[in-house]
Amino acid sequence: MTSIEELLLRNAELGDVVPGDRSSPRPSLQVAILTCMDSRIRVFEIFGLKQGEAHVLRNAGGVVTDDMIRSLALSQRKLGTREVLLVHHTNCGLELVTEDAFKDELEQDAGMRPTWSVEAFKEVKDSVRNSMNRLRHSPYVPHRDNVRGFVYDVHTGELTEVV
């Protein structure tokens, strides 16, 4: 059985047991949460979220990229969110690579160098600060006054705010 088949089986067995209001694409808490794709970050459980309460956006590192700006602009301008919660984490895979080395590897394998940034970092708090700064200076995201960033400890579950 493939992993996808396993997940489909689990879904069929689960049924409709997830609480929350699914009547609107507008999140009832008017918040967007941007975090890393790391499977140890269980966003709904960490914040006690129910369906319909928040937009949850994920990418490698949870960094504010052009595509995240696109999603947040839509989230705010068309779907009513007013706050952004950034959650990076300890022991992130982006701490294990460097920008140039990963691009070199991709260029060697694919025959061309990617134009996008890897967003590798050495210090997670600096990555949070960079992401908050990008978001706070984006002309496409109108509600930038309530942007907060945190580091989630994957071993203890503790959230530490980055200022």
Side-chain angles (χ1 to χ4, degrees), residues 18 20-107 113-163:
V18 181
D21 179 9
R22 299 179 217 172
S23 63
S24 172
R26 294 175 164 271
S28 62
L29 293 178
Q30 298 182 323
V31 65
I33 301 169
L34 170 56
T35 191
C36 184
M37 64 187 191
D38 191 301
S39 61
R40 296 170 294 177
I41 303 172
R42 297 173 47 174
V43 180
F44 281 77
E45 289 86 349
I46 290 170
F47 295 109
L49 286 174
K50 296 176 185 152
Q51 283 190 356
E53 290 186 324
H55 283 161
V56 178
L57 311 171
R58 299 180 87 137
N59 68 12
V63 296
V64 174
T65 61
D66 286 346
D67 192 54
M68 288 298 117
I69 293 287
R70 176 188 71 90
S71 294
L72 290 168
L74 286 162
S75 177
Q76 288 192 357
R77 292 176 180 270
K78 299 299 181 189
L79 297 168
T81 60
R82 299 290 179 262
E83 300 177 47
V84 180
L85 172 60
L86 299 172
V87 182
H88 296 204
H89 66 95
T90 59
N91 193 229
C92 184
L94 281 182
E95 294 172 305
L96 305 175
V97 299
T98 65
E99 192 83 19
D100 287 335
F102 189 63
K103 283 187 171 186
D104 290 346
E105 178 183 330
L106 293 174
E107 184 175 22
R113 194 168 189 81
T115 57
W116 36 265
S117 177
V118 176
E119 302 289 343
F121 57 86
K122 292 197 182 300
E123 174 54 52
V124 66
K125 289 180 182 179
D126 292 339
S127 180
V128 173
R129 285 187 195 97
N130 288 338
S131 284
M132 287 191 302
N133 189 45
R134 285 181 190 157
L135 191 52
R136 288 177 177 155
H137 289 92
S138 173
Y140 305 113
V141 179
H143 303 285
R144 300 177 297 233
D145 55 331
N146 203 353
V147 173
R148 294 175 66 184
F150 294 82
V151 175
Y152 173 73
D153 187 312
V154 296
H155 300 293
T156 67
E158 181 182 357
L159 283 166
T160 303
E161 187 159 14
V162 177
V163 291

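- Counting only residues at least two apart or in different chains, salt bridge (Lys or Arg N to Asp or Glu O under 4.0 Å) contacts with residues 66-88 comprise Asp67-Arg70.
- For the pair Phe102/Pro114, no side-chain contact is recorded, criterion being any heavy-atom separation below 4.5 Å from C-beta on.
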query = Hey, mind stepping through Cys36 and Tyr152 against side chain to side chain contact (heavy atoms under 4.5 Å, CB included) and telling me if it holds?
reply = CA-CA 10 Å; Cys36 184; Tyr152 173 73; over 6 Å; no
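- A pairwise comparison of heavy atoms in Phe150 and Val128 identifies O-CG2, 3.9 Å as the closest pair.
- To the nearest 0.5 angstrom, Asn146 atom CG is 9.0 Å from Arg136 atom CZ.
- Evaluation of the salt bridge (Lys or Arg N to Asp or Glu O under 4.0 Å) test over residues 151-163, restricted to residues two or more places apart or in two chains, returns Arg148-Glu161.
- Between Asn130 and Val63 the shortest side-chain heavy-atom distance does not fall below 4.5 Å.
- Take Asn59 and apply the side-chain hydrogen bond (donor to acceptor under 3.5 Å, both in side chains) test, not counting sequence neighbours, and it matches no residue.
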In residues 41-51, what donor-acceptor pairs under 3.5 Å come from side-chain atoms, sequence neighbours left out?
residue	atom	partner	partner atom	Å
Arg42	NH2	Glu45	OE2	3.1
Gln51	OE1	Arg22	NE	2.6

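- To the nearest 0.5 Å, atom CD of residue Glu53 and atom CD of residue Gln30 are 12.0 Å apart.
- For the side chain to side chain contact (heavy atoms under 4.5 Å, CB included) test, residues two or more places apart in sequence or in another chain that qualify with Arg40 are Asp38, His89, Asn91, Val154.
- Looking at residues two or more places apart in sequence or on another chain, you find a salt bridge (Lys or Arg N to Asp or Glu O under 4.0 Å) between Arg129 and Asp126.
- Rounding to the nearest 0.5 Å places CG of Leu94 at 9.5 Å from NE2 of His88.
- Not counting sequence neighbours, the partners of Ser23 by the side-chain hydrogen bond (donor to acceptor under 3.5 Å, both in side chains) test are Asp21.
- When all heavy atoms are compared, the tightest approach of His55 to Ser75 is ND1-OG, 2.7 Å.
- Taking the side chain to side chain contact (heavy atoms under 4.5 Å, CB included) definition, one finds that Pro25 meets it with Leu79, sequence neighbours left out.
- Under the side chain to side chain contact (heavy atoms under 4.5 Å, CB included) criterion, Ile69 pairs with Val64, Leu135, Ser138, Tyr140, Val141, not counting sequence neighbours.
- For Ser131, the side-chain hydrogen bond (donor to acceptor under 3.5 Å, both in side chains) test picks out no residue, with sequence neighbours left out.
- Nearest heavy-atom pair, Thr81 versus Pro27, reported as atom, atom and distance to 0.1 Å: CG2-CG, 3.5 Å.
- Residues meeting the side chain to side chain contact (heavy atoms under 4.5 Å, CB included) test with Asn133, sequence neighbours left out: His137.
- Counting only residues at least two apart or in different chains, salt bridge (Lys or Arg N to Asp or Glu O under 4.0 Å) contacts with residues 86-103 comprise Glu99-Lys103, Asp100-Arg113.
- Without hydrogens or angle criteria, Gln76 side chain to His143 main chain gives a donor-acceptor distance under 3.5 Å.
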